[in-house]
Structures are given as C-alpha cells and as structure tokens.
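In the text below, chain A, chain B and the rest are named by the order of the sequence lines, each starting its count at 1.
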Amino acid sequence: MRLSRYLFSTTKEAPAETEFVSHRLMLRAGLIKQVTSGIYSFLPLGFRVLDKVVSVVRDEMNAVGAQEFLLPFVQPAELWKISGRWDEYGEELLRFQDRKGNWLVLSPTHEEIVTDLAKEILTSYRRLPVVVYQIQIKFRDELRPRGGIIRSREFLMKDAYSFCKDEAQMKEIYQEMRGAYERIFTRCGLEYKLVEAESGLIGGDISHEFITPASAGEDKIVECESCGYCSKLEKANSVVEENEGVSEGCLGEVETPNTKPMESLISPKDKCSVCHAPLRIKRGLEVGHLFHLGYKYSSKLGALFSNEEGEKNPLLMGCYGVGISRIPAAIIEQNNDEDGIIWPKEVAPFKAVVIPTSEQTFDFSEKVYQELKGNSIDVLWDDRDTSAGVKFKDSDLMGIPLKVIIGRTFLKEGKIEVKKRKNGELIKIDKGEFIQQFMGLM
RNA sequence: CGGGGCGUGGCGCAGCCUGGUUUAGCGCGCUUGCUUUGGGAGCAAGAGGUCGUCGGUUCAAAUCCGACCGCCCCGACCA
C-alpha cells in the first residue's frame, strides 16, 4: 500500500482525558475514531490489526473442529422471554420496536438463538458433540463505557457454543477450547493468566477467564509469587499464617484447614492457599472466557436430544468467548514505548514500511516495495513528500515491525537498511541479497 | 444511577471568574511559494468558527442565569 493514498492520520496529541496508553496510542496512530459513547470506527490501519486477530482466532477455532457460522445481530424478544433474560438482563439489553410494534433486541450474546437452532438439528446423541462459533458484533448498553475500545458498547466478539451428550464429552471439548485459547493469546503476543471466575448473567457452574495483565484492566487478580496460583480477587482463597515463615515454595495440593475466601483486600498476612507463599494483586483485562453452561438454556428452550436408550435429555452446553476488539488494546498495553506501538509480528497491520529518504532513491524504493509485495509481504511504501523524520516517527507510532530505509547509506554504500522497531537493531543488506535476507527476518 | 468535569475552525487547547478594545486567540494539521530533507524543518502568504442547542438577563453574551442534548472521569456492574 502506498502511504500517500492510505486513509490514515497520525497526531502528536491525544485528548487530555484519555488515561490509558492503549487508548491514547490507538487514537494517535489513527487506528480508531470515536463516533459516540462506546462506539468506534476502525480506520483501515486499525481494521487490519483487528482482521489479523480475527484470522488467528478463526485459525485456532477451525483447528479444533469448531464450525464457523453467523447468527443475527437483531433478534426477536420472544426467545429472550422464554429464557428469562428479557427480565433478568436489565438496561444493558437494548430493546426497540419495529414498524409493526414487535419488540427486538440488539444481541449482547447469542445463547438463546443458538440453542433454538440446535434444538431443530441436534436431536440425537449420534450427532454430538458439536461446536459452532461466530465472529460478530455485540451490543451491550454499558452504564459506563471506558478506555476506548477496552470497554465499548458495540464490540466484536468471537463466541463459540458447544453441545454435548454428557459430562465426559463436555470435559473433552472444554479442554480443547482451552488449548485453542492458549494458542490464540500466545500468537497474539499476549501474556495471560487462566483464572477461575464467576459466570455472571451468562449462567452455568464452571467458568474460567483468560486475563491479560494490564494496568488498564478492570479485573483484580490475585497471584502467588511462588507457585503460580492465580484467581480473580473475588474468587480467591488464602490462608492466614499464624507463625510466619513456615512453608516456602510450592507444595502442590495440600490440605488447608485455614483456607478462607478472600475479602475485598488482602493483607500481608494472607498467603497462598496452595503453597503458603506471599500473594500479590495485579490488574488484568479479561480477553477470553470459558463457561460450562450446563442445561440452563437447553432446558428452558426445550433443546432435547435422544440418548442411547432413546430417552430425551436436554443438550449439555458450553460457551466460549473472546473479546476480539479488545485484544488490540490489550496488546498495545503490553507492547509500547515512548515512540508508540510495537506490534508483535502476527498482528502487525503491515510487516514493513519502505522508506525512501532522498529524492534520488525514490524510484529504487518503489522497486523494493514492488518486490516485497510480489513476495506476499504486507508492506507499506512511504511515498509521501515529507521529511525522513516524519516518516520514521509515523512508522514508529504505528508500530510497524520493520523499516526498510533507502537513502544516504544506499547512495554511499549501495546498501539497504532494515531497522527493527522492537529493539532498534539496524541491519545493512547488500542490494543483491536483499530479498533473501529480508525473508529471513520475517 | 450517585459524585465530579467538559462542550470554542479538522485535531489539541486558551479566553469565561471580573459581559464591551477580541476583527474570538494559540499550537498541530491543511493550501500556495521559496529554502530544506537520516528522527515530528524554516520563512512568507493563505483557507477554515452559527463559541453544543434552545430560552432568559442586559444597551451589549463565547463570557452571567435556566433547561435540554452530548461527551469524559471516579464509584457500583460487566467481554
């Protein structure tokens, strides 16, 4: 893509009240633009990142046999009345009427409609288990949207639903999904913790969250300094040590008669209930959630299947969410410096930007750009008529992993420079060996 | 929903307290020209504003008062 024709805008300033790095940088680098409270446009650059995240998620979901489909964003009130959530959900559920006066909702999640679908098709144990997923807009009329895309009202989510015949099958699927999630977040360059969590309004008994450490996060997690025990603050257990310094290190599963649910705060006396090491509180951002839904929706909506004995039972359900539009923000929270964003390779909007810094190298820079493009590299060509400094600053702000600089070093030594965003490392490559060496850097 | 704050060219802000000498200002960005060009260049000349909306007070309102709308921040709640 030639930058002179790219719909983007970078700025030196962000509004004073934006307090999170990710929010500031997303605005400054021109990834998103706020339209109204909690609702954002993704500009081409931001959309590319989002799209990369989507690809990773899709890839890993497909790999564990989940099937992609698409459910409606606008749904009739009826199914919500049957499940009971028409009354339970409160004002977060945005409701409105069509011209005929029928009530509709902008879907905040899709359990009702997917259960209704499963009810028609999954009528026999022979067809189970099944996992379906979609990548779709959700709307939750949040009391208070915040942090830019971190907590928006309209957001993009991957939600998967599993239907099983029994607990054993369910457990298997749950583990597969967990594995897929671990790979998703690793590929996105995110550090994460898997913690036990509440399942809230979605329902169900077992629930785990993938929390990524970020000061912008809304969740507080408790982490053991020694054995890796990790939990949401409100679900955490601790033991109060009577005599200090008894046990050090991780002892694995131990009987802990003094175990107590943690209150809202931990004191220095609260120790890990597993290994008795000190605990600490961190802020984190929920990026993924696994729910064991049980029979809540299938029984209410009458989604029954026949088992081996010909008996009719409700489908055993699970659901699995990934907050896709939140992930770019989470990545930025963990990957930035004073110059801007530092995208991990897999989610970078472009892998490289070709920068001519002199009029005499402009034509040659286009050749290099075309050659990279010909090798299927997502590459930008900064063909703008502006100073080298501006090009470098913009590239750094936007977080492009590699700068391909063609300027005075090329004129003097015939060498193309490649500079890494992450550590500033500068590599000079001979014109003739450029492509081979560059591909080696990818 | 409770508490706090803000709405002024495309973006970021000042001006408001103490109404009129302000033709509504500054920085960034934008346009044109010249000089520049390896880390957000310089000079010169320009374009661009119903000061959120409606109403009130006043000889006079960006400025004071009221209502409304929108947005942000803290809290409770949530991917």
Side-chain angles (χ1 to χ4, degrees), chain A residues 8-20 23-24 27-30 33-39 88-93 107-110 136-160 181 197-202 207-212 217-219 232 234 264 284-291 319-327 329-330 338-340 355-362 382 384-398 403 405-412 417 419 421 424 426:
Chain A
F8 82 112
S9 86
T10 53
T11 59
K12 289 182 191 174
E13 300 160 307
E17 65 271 14
T18 55
E19 71 175 308
F20 301 135
H23 190 192
R24 295 184 71 80
L27 291 171
R28 284 192 53 212
K33 176 172 164 47
Q34 180 171 1
V35 174
T36 186
S37 177
I39 298 182
E88 289 169 19
Y89 224 103
E91 290 194 291
E92 256 181 54
L93 181 64
S107 197
T109 172
H110 286 74
Q136 226 236 31
I137 296 290
K138 300 264 186 281
F139 191 92
R140 294 181 191 171
D141 199 0
E142 298 286 344
L143 284 179
R144 187 153 93 81
R146 72 179 86 188
I149 216 70
I150 285 180
R151 166 157 241 79
S152 50
R153 293 194 296 168
E154 186 184 272
F155 58 101
L156 191 64
M157 184 171 171
K158 186 283 300 179
D159 47 325
Y181 275 37
E198 307 282 353
S199 43
L201 259 186
I202 310 281
S207 156
H208 290 95
E209 286 183 10
F210 283 82
I211 305 268
T212 183
E218 304 166 306
D219 293 310
K232 296 200 78 172
E234 62 270 20
S264 53
L285 188 60
E286 180 179 353
V287 287
H289 207 150
L290 310 174
F291 293 102
C319 83
Y320 317 86
V322 172
I324 291 191
S325 48
R326 169 181 279 191
I327 287 179
E338 60 284 355
D339 289 317
I355 302 177
T357 60
S358 147
E359 270 179 44
Q360 298 127 65
T361 58
F362 187 84
D382 198 342
R384 293 176 299 168
D385 181 20
T386 185
S387 71
V390 170
K391 295 178 182 180
F392 293 154
K393 287 286 184 189
D394 274 345
S395 167
D396 287 347
L397 178 58
M398 294 190 282
K403 286 190 280 288
I405 305 162
I406 303 170
R408 62 183 184 207
T409 307
F410 180 75
L411 293 172
K412 275 188 239 160
E417 292 164 294
K419 193 167 188 181
R421 173 68 178 90
L426 185 67

What nucleotide, of [options], holds the atom closest to the side chain of [X]?
{"X": "A/Leu397", "options": "B/C77, B/C73, B/G40", "value": "B/G40"}
{"X": "A/Lys393", "options": "B/G40, B/C77, B/C73", "value": "B/G40"}
{"X": "A/Arg146", "options": "B/G38, B/A76, B/G40", "value": "B/A76"}
{"X": "A/Glu417", "options": "B/C77, B/G40, B/G38", "value": "B/G38"}

May I ask you to say what [X] touches in the nucleic acid, namely base, sugar-phosphate or nothing, with a heavy-atom cut-off under 4.0 Å?
{"X": "A/Pro145", "value": "sugar-phosphate"}
{"X": "A/Lys419", "value": "base"}
{"X": "A/Leu285", "value": "nothing"}
{"X": "A/Asp159", "value": "nothing"}
{"X": "A/Glu359", "value": "base"}
{"X": "A/Thr10", "value": "base"}
{"X": "A/Ser152", "value": "base"}
{"X": "A/Leu27", "value": "nothing"}
{"X": "A/Ile324", "value": "nothing"}
{"X": "A/Lys403", "value": "base"}
{"X": "A/Gly321", "value": "nothing"}

Does the structure show a Watson-Crick or G-U wobble partner for [N], both distances under 3.5 Å? Name it, or say none.
{"N": "B/G75", "result": "B/C1"}
{"N": "B/G19", "result": "none"}
{"N": "B/C64", "result": "B/G56"}
{"N": "B/U31", "result": "B/A45"}
{"N": "B/G7", "result": "B/C69"}

What distance, rounded to whole Å, do you find between the two [atom1] atoms, one in [N] and one in [M]?
{"N": "B/U50", "M": "B/G5", "atom1": "P", "answer": "29 Å"}
{"N": "B/G40", "M": "B/C30", "atom1": "P", "answer": "16 Å"}
{"N": "B/C13", "M": "B/A60", "atom1": "C1'", "answer": "28 Å"}

Please write out the pairs of protein N or O atoms and N or O atoms of nucleotides 67-71 of chain B separated by less than 3.5 Å, giving the distance to one decimal.
{"unit_1": "B/C71", "atom_1": "OP1", "unit_2": "A/Thr36", "atom_2": "OG1", "d": "2.3"}
{"unit_1": "B/C71", "atom_1": "OP1", "unit_2": "A/Ser37", "atom_2": "N", "d": "3.0"}
{"unit_1": "B/C71", "atom_1": "O3'", "unit_2": "A/Gln34", "atom_2": "NE2", "d": "3.2"}

Taking for each residue the nucleotide of RNA chain B bearing the nearest heavy atom, is the 5' side occupied by A/Pro15 or by A/Ser358?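 Here A/Pro15 is the residue nearer the 5' end.
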Reading RNA chain B from 5' onward, which residue's closest nucleotide shows up sooner: A/Arg326 or A/Arg384?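 Checking each residue's closest nucleotide, the 5'-ward one belongs to A/Arg384.
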A/Arg144 vs B/C74: side-chain N/O to OP1/OP2 distance below 4.0 Å: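 Yes.
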Short heteroatom pairs, N/O only, protein and nucleotides 24-31 of chain B, under 3.5 Å:
{"unit_1": "B/G27", "atom_1": "N2", "unit_2": "A/Glu13", "atom_2": "OE1", "d": "3.1"}

Write down the distance between CD (A/Glu142) and C1' (B/C1), rounded to a whole number of angstrom.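 After rounding, the gap between these two atoms is 14 Å.
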